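Report on one structure; see the data block that follows.
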There are 2 protein chains.
Amino acid sequence: MPTKYDIVKQEIKSRILDGTFQPHQKIPSESELMKQFEVSRHTVRIAIGELVNKGWLYREQGAGTFCADRTHNKRLSSVGSQKNIAIVTTFISDYIFPSIIRGAESFLSKHGYNVSLFSTNNDHDNERRVLEKILTEPFEGVIVEPTKSATSNPNINYYLNIERLNIPYIMVNAFYDELEPLSITINDQKGGYIQAEHLIQLGHRNIVSFFKTDDLQGVKRMKGFIKAHRNHGVTINPNGIITYNSSEKLTKPKEVLTKLLDLDRDSRPTAIVCYNDELAITLLDVLREKNLRVPDDISLVGFDNSFMGNLTEVKLTTITHPQSKLGETAANMIVDLVKEKNGQQKKSAEKVQSVVFEPSLIVRSSTAELNLRKKVTK
Amino acid sequence: MPTKYDIVKQEIKSRILDGTFQPHQKIPSESELMKQFEVSRHTVRIAIGELVNKGWLYREQGAGTFCADRTHNKRLSSVGSQKNIAIVTTFISDYIFPSIIRGAESFLSKHGYNVSLFSTNNDHDNERRVLEKILTEPFEGVIVEPTKSATSNPNINYYLNIERLNIPYIMVNAFYDELEPLSITINDQKGGYIQAEHLIQLGHRNIVSFFKTDDLQGVKRMKGFIKAHRNHGVTINPNGIITYNSSEKLTKPKEVLTKLLDLDRDSRPTAIVCYNDELAITLLDVLREKNLRVPDDISLVGFDNSFMGNLTEVKLTTITHPQSKLGETAANMIVDLVKEKNGQQKKSAEKVQSVVFEPSLIVRSSTAELNLRKKVTK
DNA sequence: TCCGATTTGTTCGTATGTATG
DNA sequence: GCATACATACGAACAAATCGG
């Protein structure tokens with residue numbers, strides 16, 4: 001003899017199979033079903049519960065119970081419950097990346113996902129190997145920090161393949177323009193603008209800037225730097241913009257700065273805009289060698305609000321970066337996308353969309369008003 | 001906030017994973033569990049129901065509820081030739097851990113393995129959750145940095161279960177003594193010895209030391225510190241050894257040092273031994289506040305040769321730590337063990353065995369000979 | 001084989017909490 | 001702010017299966 005909840009279950013299943021309930025359509029509420037089948041709420045809940053467990057329905061508290069979309073769930077059933085998310089970053093151990101990863105890992109762990117880590121060392125060949133690996137293994141979602149995002153990418157096809165396999169992915173920090181992916185970035189142009197504006201407002205007119213331009217962040221920060229000068233009617237020092245790439249980051253900026261500081265007092269820069277705090281700390285070494293005091297002799301602005309900027313004797317003026325918050329946001333977004341793909345999410349009422357964090361200035365002690373006295377002292 | 005049935009569910013799952021409930025063994029009856037957890041039968045049934053759904057238990061009406069035998073299932077799902085290695089560390093984003101992880105990730109990627117990351121935040125509850133996850137998913141090998149390695153570990157059973165499932169694992173930085181696992185460590189006692197000896201040879205007699213003693217590394221470094229004093233016939237300042245644990249690391253050492261520096265000139269320490277560079281940098285802040293010059297007024301020795309020690313205006317004297325090399329060695333070892341398990345062993349001539357890295361001193365500019373002039377100057 | 005104690009299975013009622021629209 | 005809908009939790013009763021004596 002069939003049980004009451006079995007009858008309810010079968011009836012609901014029938015209505016799904018005969019098309020009465022279309023995917024993502026709301027089915028009658030529990031109290032409605034109580035009346036229809038003349039059973040208790042508990043019985044209805046058991047019936048629905050089993051159907052949810054088998055993937056026929058999904059529930060949303062406060063909203064209702066909905067028919068799941070079972071069109072392409074073969075992968076899911078064959079793999080079982082492997083909840084793997086891949087995180088691809090350029091670097092693993094450097095700078096603010098550990099914080100970003102931690103934010104994502106923390107969130108994903110809490111939600112029962114495994115986190116697999118890959119790093120490209122900002123190299124396209126490595127990126128390709130990583131993407132091949134991801135395409136081969138059963139990942140449910142991917143968080144990518146693009147490799148050399150400012151240059152054209154030879155691996156675009158791999159990303160298109162990921163899309164074709166219906167694997168959700170999002171890009172953080174930057175993105176490949178051709179793909180127009182969901183992304184989580186910060187407003188780098190505005191950040192660069194704020195850096196420059198801060199120094200301009202402090203009276204500096206001869207500002208030298210260093211931007212790493214193999215990634216989009218540097219290109220945009222540079223754009224902001226230029227715009228700030230233009231908007232404030234300040235002409236940019238012709239040698240005021242130095243660009244470098246990842247492989248040169250330990251050498252070129254130091255060398256160039258050393259040369260610039262050897263110039264005579266009048267043409268020597270009075271302030272430095274750095275692509276990030278990491279570079280600022282590196283350049284601080286040069287300033288110490290030259291016996292220049294920060295900020296009395298020269299001002300210095302970093303970017304990213306890295307913990308590094310607080311370790312030194314000079315606390316860096318810098319621009320905010322969400323760091324672990326960014327990782328967490330990315331994790332949250334990818335989990336939503338995975339749910340949506342598996343038909344466990346509402347329609348498109350709240351469509352997942354890209355996030356842009358707005359940067360702001362943190363003034364510490366590496367910047368000061370332009371000291372005109374300097375010309376007098378000696 | 002966890003629900004009651006979630007608590008019951010987790011607890012039952014834990015007892016399965018830690019071996020309390022063996023396959024096909026009867027678990028306590030519903031009414032028994034009601035008493036144990038002080039919840040209604042309804043709640044117990046929900047908890048058990050979900051575990052039955054996921055295949056952890058099976059019920060037999062009239063007989064009881066039994067632990068399912070997952071060994072066959074596990075093998076089946078892992079046949080899919082997924083090469084997953086789990087890395088469990090205490091922290092992900094702090095200090096030298098990113099470097100260790102990078103070293104391991106780099107090697108494992110090259111050899112076609114996926115790397116899944118877990119962090120325990122040096123908390124046993126988190127460690128348990130991570131180990132449960134690892135036991136649930138198909139991992140071929142595990143690299144673990146033990147959580148609170150100096151204290152007795154409540155999760156030993158999980159490690160024994162990992163052994164029972166024939167999953168190779170190795171411990172890095174420290175290990176639980178009871179398990180006698182394969183491990184990759186550094187000779188922390190010798191490191192502590194070298195730290196102290198260096199200062200003693202520079203003439204310091206009043207040395208204060210700070211050790212984080214919830215991990216074995218701190219305990220061993222402290223042991224070396226004491227031994228160095230004994231071997232050189234130097235008596236240890238009665239208040240010369242300060243211990244703290246992970247949760248106090250940002251507060252206690254700073255507070256204690258501040259007090260010690262307020263002592264009169266004669267009883268004030270002339271040198272500081274730090275558990276690691278991270279602490280040294282923290283304490284450097286205190287010294288700056290007190291307007292003490294390093295190394296002229298006070299010497300400072302760190303440990304681990306972290307990049308942090310090179311960022312500041314005072315370059316730290318410190319002890320070497322292999323960092324990414326350690327991660328790489330661990331990765332290499334786990335790959336060998338996995339191969340061995342899968343019978344792809346080359347020769348048994350080269351048996352895999354534990355590695356101990358020998359530390360050495362790096363003298364930079366944070367230590368100097370005891371300055372006797374101090375008493376004269378004022 | 002039957003009995004009775006135990007254990008899980010089904011069903012109802014009630015109450016309160018929390019998210020959604 | 002309010003009604004609606006799902007989520008969690010307690011209690012009670014009876015049915016059906018199992019198992020030892």
Side-chain angles (χ1 to χ4, degrees), chain A residues 1-13 15-16 21 24-68 110-112 332 335-336 339-340 343-352, chain B residues 1-13 15-16 21 24-68:
Chain A
M1 188 195 74
T3 60
K4 288 195 184 181
Y5 68 76
D6 253 335
I7 295 170
V8 177
K9 201 171 96 180
Q10 281 310 319
E11 179 56 28
I12 294 174
K13 204 166 159 183
R15 290 190 200 169
I16 295 171
F21 300 146
H24 303 296
Q25 184 188 327
K26 186 174 173 301
I27 73 164
S29 74
E30 290 174 356
S31 49
E32 183 61 36
L33 292 168
M34 282 169 70
K35 282 179 215 158
Q36 282 185 28
F37 294 98
E38 292 184 317
V39 294
S40 73
R41 173 142 180 257
H42 197 112
T43 305
V44 171
R45 278 189 67 75
I46 292 173
I48 292 178
E50 294 200 359
L51 290 172
V52 167
N53 252 308
K54 288 183 183 165
W56 293 91
L57 301 173
Y58 62 94
R59 296 197 258 217
E60 280 188 21
Q61 188 177 166
T65 304
F66 302 84
C67 179
K110 246 179 246 158
H111 289 74
N332 200 332
V335 167
D336 282 350
K339 274 188 193 162
E340 192 176 295
Q344 299 161 13
Q345 189 87 67
K346 269 194 74 184
K347 286 199 227 168
S348 53
E350 218 178 296
K351 184 79 180 169
V352 179
Chain B
M1 186 196 64
T3 59
K4 289 194 181 183
Y5 67 75
D6 252 332
I7 295 169
V8 177
K9 197 172 99 180
Q10 280 309 316
E11 179 57 29
I12 294 172
K13 200 167 160 184
R15 292 191 198 166
I16 296 171
F21 299 148
H24 304 297
Q25 185 189 326
K26 185 175 173 299
I27 74 164
S29 73
E30 289 174 357
S31 49
E32 183 61 34
L33 292 169
M34 284 169 68
K35 281 180 216 158
Q36 281 185 30
F37 293 101
E38 293 181 317
V39 294
S40 69
R41 179 155 172 240
H42 191 93
T43 305
V44 171
R45 278 190 66 77
I46 292 175
I48 291 178
E50 294 198 1
L51 290 172
V52 168
N53 253 307
K54 288 182 185 163
W56 293 91
L57 302 172
Y58 60 93
R59 297 198 257 214
E60 283 185 15
Q61 188 175 167
T65 305
F66 303 84
C67 178

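By convention in this document, chain letters (A, B, ...) are assigned in the order of the sequence lines, proteins followed by strands, and residues within each chain are numbered from 1. This structure is a prediction, so every number in the text was calculated from the model and none was measured.
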The side chain of [X] is closest to which nucleotide in this list: [options]?
| X | options | result |
| --- | --- | --- |
| A:Arg41 | D:dC10, C:dT8, C:dA15 | C:dA15 |
| B:Ser40 | D:dG11, C:dG9, C:dT20 | D:dG11 |
| B:Ser29 | C:dT8, C:dA15, D:dC10 | C:dT8 |

inquiry  = Can you work out whether B:His42 or B:Ser31 has the more 5'-proximal nearest nucleotide on DNA chain C?
reply    =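 Its nearest nucleotide lies further toward 5', so the answer is B:Ser31.
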Roughly how many Å is it from [atom1] in [X] to [atom2] in [N], rounded to a whole number?
| X | N | atom1 | atom2 | value |
| --- | --- | --- | --- | --- |
| A:Glu60 | C:dT18 | CD | C1' | 14 Å |
| B:Lys9 | D:dA7 | NZ | P | 14 Å |
| B:Ile48 | C:dG9 | CD1 | C1' | 12 Å |
| B:Asn53 | C:dG9 | CG | C1' | 15 Å |
| B:Phe66 | C:dT7 | CZ | P | 11 Å |
| B:Ile46 | D:dA7 | CD1 | C1' | 9 Å |
| B:Glu30 | C:dT7 | CD | C1' | 7 Å |
| B:Asp6 | C:dG17 | CG | P | 19 Å |

Given [N], is OP1 or OP2 found less than 4.0 Å from the side-chain N or O atoms of [X]?
| X | N | value |
| --- | --- | --- |
| B:Thr65 | C:dT8 | yes |
| B:Thr3 | D:dA7 | no |
| A:Tyr5 | C:dT11 | no |
| B:Arg45 | C:dT8 | no |
| B:Thr43 | D:dC10 | yes |
| A:Lys4 | C:dC12 | yes |

query = Does A:Gln61 make a side-chain donor-acceptor contact with the base of C:dG17, cut-off 3.5 Å?
reply =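 A donor-acceptor contact between them is present.
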ask   = With distance as the sole criterion, do the side chain of A:Arg59 and the base of C:dA19 form a donor-acceptor contact below 3.5 Å?
value =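 By the distance-only test, no, there is no pair.
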message = Quick check on DNA chain D: between B:Met34 and A:Ile27, whose nearest nucleotide comes earlier from the 5' end?
response =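 Final value for this comparison: A:Ile27.
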inquiry  = Is any side-chain heavy atom of A:Glu11 closer than 4.5 Å to one of A:Gln36?
reply    = no
inquiry  = Between B:Tyr5 and B:Val39, is there a side-chain heavy-atom distance shorter than 4.5 Å?
reply    =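 No, too far: nothing below the 4.5 Å cut-off.
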For residues 47-68 of chain B, which side-chain donor-acceptor pairs fall under 3.5 Å, sequence neighbours excluded?
| residue | atom | partner | partner atom | Å |
| --- | --- | --- | --- | --- |
| B:Glu50 | OE1 | B:Lys9 | NZ | 2.7 |
| B:Tyr58 | OH | B:His24 | ND1 | 3.1 |

ask   = Quick one: OG on B:Ser29 to NZ on B:Lys35, what's the gap to the nearest 0.5 Å?
value = 7.5 Å
query = In Å and rounded to the nearest 0.5 Å, what is the CD to NE2 distance from B:Glu30 to B:His42?
reply = 11.5 Å
